[in-house]
Amino acid sequence: MKLPASGRAAGKVILLGEHVVVYARPALAAGLARGLEVRVQRGEGPLELETDVPALAADARPVALVREAAGALGIAADGLRVVVRSDLPAGAGLGSSAALSVAVLRALAAAAGRHLVLADELALGRRLEAIFHGNPSGIDPAAAVLGGCFRFTRGEPPMVTPLRVSRPLPLVVAFSGRGRSTGAVVAGLRARWEGDRAVYERRFDEVAGLVAEGAAAVESGDVAGLGRAFDENQRLLEALGVSAPEVESLVATARSAGAFGAKLTGGGGGGAIIAVAPEPERVALALRKTGAQTMVALIGASEEEAA
Ligand code: MEV
């Protein structure tokens with residue numbers, strides 16, 4: 001074993017299509033400059049995990065994840081000390097579980113002197129993310145692995161198409177501070193879908209139409225058009241029952257501060273929202289005044305800016 005070893009992976013925002021992507025509809029996502037780093041050192045005795053993320057420290061799943069990743073790579077987890085440092089809020093819908101999965105894989109593969117090809121990172125990342133929620137589409141580990149802006153459709157293997165961002169997308173991400181469980185929101189939608197498949201399948205198809213419009217807007221630099229797709233997607237996310245009052249209030253604040261459009265991002269149920277805006281700092285300020293944490297990201301620029 002080559003110790004110490006480390007691995008890093010990106011956080012993500014889903015621009016359009018969260019939840020319907022679980023049902024094999026396409027979605028758009030982008031990697032964030034912010035991410036998560038895992039360092040593997042020699043420890044003593046059983047596997048130890050140390051983290052600066054309080055929600056992960058109180059959770060048994062990260063240790064299970066490291067054990068499963070080590071098993072998949074054919075190495076022993078006991079005798080290792082794993083240190084996790086993150087600049088992503090946990091439970092916000094910004095892909096911290098997938099970033100953890102991919103960064104753990106990369107760090108353990110480096111320790112084992114193995115090089116994982118892209119297809120292995122995607123497949124193993126999705127298998128590990130399933131420890132956090134039961135039926136992942138794989139879009140979050142794809143963002144953690146690839147970064148950039150891409151269209152994704154689940155499958156074995158998934159279909160991942162990078163998007164050409166002709167004009168950097170000025171995004172504001174805001175987080176109410178109340179974390180939530182993606183697994184619970186995904187399971188709730190599944191129960192509703194099982195109760196009325198025809199209605200839900202129609203809504204899923206409507207979102208797929210917006211994803212096609214949004215991809216065209218990203219590629220042609222039509223930032224206002226992308227905003228309209230955000231608003232329509234939010235309306236459908238509410239109809240799917242995965243939104244929450246605090247998310248809707250952040251969305252309303254972003255719109256009245258001049259955003260072209262705003263919606264929840266990721267699992268929903270109270271996590272983060274994204275807005276696309278001509279003056280993102282003005283929107284971020286209005287959101288911070290409500291007590292939200294914010295981040296401004298210029299998606300598609302060579303260096304994203306975080307604030
Ligand atoms: C979570 O970031 C995105 C969801 O669509 C779940 C998934 O795709 O696995 C809600």
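These figures come from a predicted structure and were not determined experimentally. Remember, it's 1-based here, ligands and their atoms both numbered in the order they're listed.
Remark: among candidates Arg25, His19, Glu129, the nearest residue to atom 5 (O) of ligand 1 is His19, based on non-hydrogen atoms. Taking each of Ser97, Gly138, Ser137, Ser96 in turn, the one with a heavy atom nearest to atom 8 (O) of ligand 1 proves to be Ser137.
Distances between N or O atoms of Asp140 and those of ligand 1 include at least one value under 3.5 Å. For the pair Thr182 and ligand 1, the shortest N or O to N or O distance does not fall below 3.5 Å.
Within ligand 1, counting atoms from 1 as listed, the ones closer than 4.0 Å to a heavy atom of Pro136 are 9 (O). The Val22 neighbourhood of ligand 1 comprises atoms 5 (O), 6 (C), 7 (C), 8 (O), with distances under 4.0 Å to a heavy atom of that residue. Set against the non-hydrogen atoms of Val21, the atoms of ligand 1 under 4.0 Å away are 5 (O), 8 (O). Applying the 4.0 Å criterion to heavy atoms of Ile139 picks out, from ligand 1, the atoms 8 (O). Heavy-atom contacts of Gly266 reach the following atoms of ligand 1: 2 (O) (cutoff under 4.0 Å). Each of the atoms 5 (O) of ligand 1 lies under 4.0 Å from some heavy atom of Glu18.
Judged as a side-chain hydrogen bond (donor to acceptor under 3.5 Å, both in side chains), the pairs with a partner in residues 204-223 (not counting sequence neighbours) are, in order, Arg25-Asp205.
There is a side-chain donor-acceptor pair under 3.5 Å between Thr294 and Arg288. For Glu129 and Ser97, the side-chain atoms include no donor-acceptor pair closer than 3.5 Å. Between Arg228 and Asn233, the side chains place no donor N or O within less than 3.5 Å of an acceptor N or O (distance only, hydrogens not considered).
Contact check for Leu65 versus Ser101: side-chain heavy atoms found under the 4.5 Å cut-off.
Heavy atoms of Val185 found under 4.0 angstrom from ligand 1: none, in either backbone or side chain.
The residues Asp231 and Arg255 are annotated as salt-bridged, a charged nitrogen and a carboxylate oxygen being separated by less than 4.0 angstrom. Between Arg34 and Asp87 there is no salt bridge, since no side-chain N of the basic residue sits under 4.0 Å from a carboxylate O of the acidic one. Of the charged side-chain nitrogens involved, none lies within less than 4.0 Å of a carboxylate oxygen, so that Lys263 and Glu248 do not count as a salt-bridged pair.
Residue contact check for ligand 1: His133 places a non-hydrogen atom closer than 4.0 Å to it. Using a 4.0 Å cutoff on heavy atoms, Lys12 counts as a contact of ligand 1.
At least one donor-acceptor pair under 3.5 Å links the side chain of Arg203 to the backbone N or O of Ala239.
Shortest contact from atom 3 (C) of ligand 1 to any protein heavy atom: Ile14 CD1, 3.6 Å.
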